[in-house]
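Heads up: the structure comes next, in structure tokens.
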Number of protein chains: 2
Amino acid sequence: MKSQRKTRQRKAIRAAIESAGRPLNAHEILDCAGRDLPDLGIATVYRCLKRLESEDFICRVEIAGQAARYELAGLHHHHHFFCDDCSRVFDVPGCGLAALNAPEGFAVREHEVVLRGLCSECAPATAL
Amino acid sequence: MKSQRKTRQRKAIRAAIESAGRPLNAHEILDCAGRDLPDLGIATVYRCLKRLESEDFICRVEIAGQAARYELAGLHHHHHFFCDDCSRVFDVPGCGLAALNAPEGFAVREHEVVLRGLCSECAPATAL
DNA sequence: GTGATATTGCAAACCTATTATCATTAAGAC
DNA sequence: GTCTTAATGATAATAGGTTTGCAATATCAC
């Protein structure tokens, strides 16, 4: 087994994800972590994400038509909100799903709920 | 404005979508419509889908990590089920969503619910 | 049937997210 | 500090779905 080294890059990437409070994609992470490490490369971000995911430190959040996003693993069951304006993804606490309605014979293993609309920052601007 | 011609290809593609009873992606449509028209090309399928969508005859169904699927437009509100085994997408009647839970200030315009698991055909096989 | 042209099929081109390559850099055990 | 080698950054390469270019074909108004 190869040892892991604590690099500035990994620290910055982990910090970005931990402090975001919402799922980030590779570029958002690059932008965020890149503020401290201007030379940070996108390849490093992807490599690090892959590793963090295999270590179950983060989990992937996939939204149709969007690049994969990542957030801390182990959060309480929740769903996501996609802002049509700024394309940011936010966590929606809890689960509003009351019934599954799957057809007879279908075995549901998991479910996803994605709300779409305008986040609190974009809603006012668009409403004007 | 250019007139539209009724070609065998378009008829076969529309028929495939109308008779499917579930959302199909370009390749599924090619396979299905291709049974009657062996020479049908994937480019024609894409061109036709684009047109049918702009005419609001069909609507796009997007599922994370999957190629776009299409189904007849104007169906009653419903959601989708993705089979982890055969990768087919099925319609789930109704909507089990009781609450949206969007954060304060967020404006929800629409929502998607995707169930994942095994369809009735794949569930028994896997359960053995 | 004839002719104008919308449509097709094939293949090459695109696009965008992600991965691999590889020379260079820098952790960290000694 | 030295050395081994894991990790990085820049860039080329992938991969898959989708689009486009173009010559050949088929629709349909006449």
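The chains referred to below are lettered A, B, ... by the order of the sequence lines, with proteins before strands, and numbering in each begins at 1.
- Rounded to 10°, the helix from dG1(C)-dC30(D) to dC30(C)-dG1(D) has 40° between the axis fitted to its first five pairs and the one fitted to its last five.
- Judged by distance alone, with hydrogens and angles left aside, the side-chain atoms of R10(B) form a donor-acceptor pair with the main-chain N or O of R5(B) at under 3.5 Å.
- With rounding to whole Å, E53(B) atom CD is found 14 Å from dT19(D) atom C1'.
- Less than 4.0 Å separates DNA chain D from no heavy atom of any residue of residues 13-31 of chain A.
- Under the 4.5 Å side-chain heavy-atom criterion for grouping Ile, Leu, Val, Met, Phe, Trp and Tyr, L24(A) is connected to L30(A) within one hydrophobic cluster.
- Near DNA chain D, meaning a heavy atom under 4.0 Å away, the residues from residues 36-47 of chain B are A43(B), Y46(B), R47(B).
- Residues A68(B) and R10(A) both approach DNA chain D. Their nearest nucleotides, taken by heavy-atom distance, put R10(A) toward the 5′ side.
- You'll find the side chain of I17(A) reaches within 4.5 Å of the side chain of L49(A), heavy atoms only.
- Considering only residues two or more places apart in sequence or on other chains, E112(B) meets the salt bridge (charged side-chain N to carboxylate O under 4.0 Å, His left out) condition with R116(A).
- Phosphate contact (OP1/OP2 of dT27(D), side-chain N/O of K11(B), threshold under 4.0 Å): absent.
- Among residues two or more places apart in sequence or in another chain, the salt bridge (charged side-chain N to carboxylate O under 4.0 Å, His left out) test is passed with R47(A) by none.
- Screening residues 13-24 of chain B for side chain to side chain donor-acceptor pair (under 3.5 Å), with sequence neighbours left out, gives R22(B)-E28(B).
- The stretch residues 39-64 of chain B participates, sequence neighbours left out, in no ring pair (Phe, Tyr, Trp, His ring centres under 6.0 Å) pair at all.
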**OP:** Summarise protein proximity over nucleotides 24-30 of chain C in one line of letters, 5' to 3': B for base, S for sugar-phosphate only, - for none, counting protein heavy atoms closer than 4.0 Å.
**Re:** --BBS--
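- Defined by atom type and a distance below 3.5 Å, a donor-acceptor pair is missing between the side-chain atoms of E62(A) and Q66(B).
- Residue pairs satisfying the ring pair (Phe, Tyr, Trp, His ring centres under 6.0 Å) criterion with at least one member in residues 94-123 of chain A, sequence neighbours excluded, are listed as follows: H77(A)-H111(A), H79(A)-H111(A), F106(A)-F81(B), F106(A)-F90(B).
- Identified under the side chain to side chain donor-acceptor pair (under 3.5 Å) test for residues 30-39 of chain B, with sequence neighbours left out: none.
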Show which side-chain atoms of residues 91-105 of chain A pair as donor or acceptor with protein atoms under 3.5 Å away, not counting sequence neighbours.
unit_1  : atom_1 : unit_2 : atom_2 : d
D91(A)  : OD1    : H78(A) : NE2    : 3.4
D91(A)  : OD1    : H80(A) : NE2    : 3.3
N101(A) : ND2    : P93(B) : O      : 3.3

Original post:
Would R60(B) and E71(B) satisfy salt bridge (charged side-chain N to carboxylate O under 4.0 Å, His left out), going step by step from the backbone distance to the final call?
Top reply: CA-CA 7 Å; R60(B) 182 191 305 249; E71(B) 68 181 350; over 6 Å; no
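- Not counting sequence neighbours, R8(B) has no partner by the salt bridge (charged side-chain N to carboxylate O under 4.0 Å, His left out) test.
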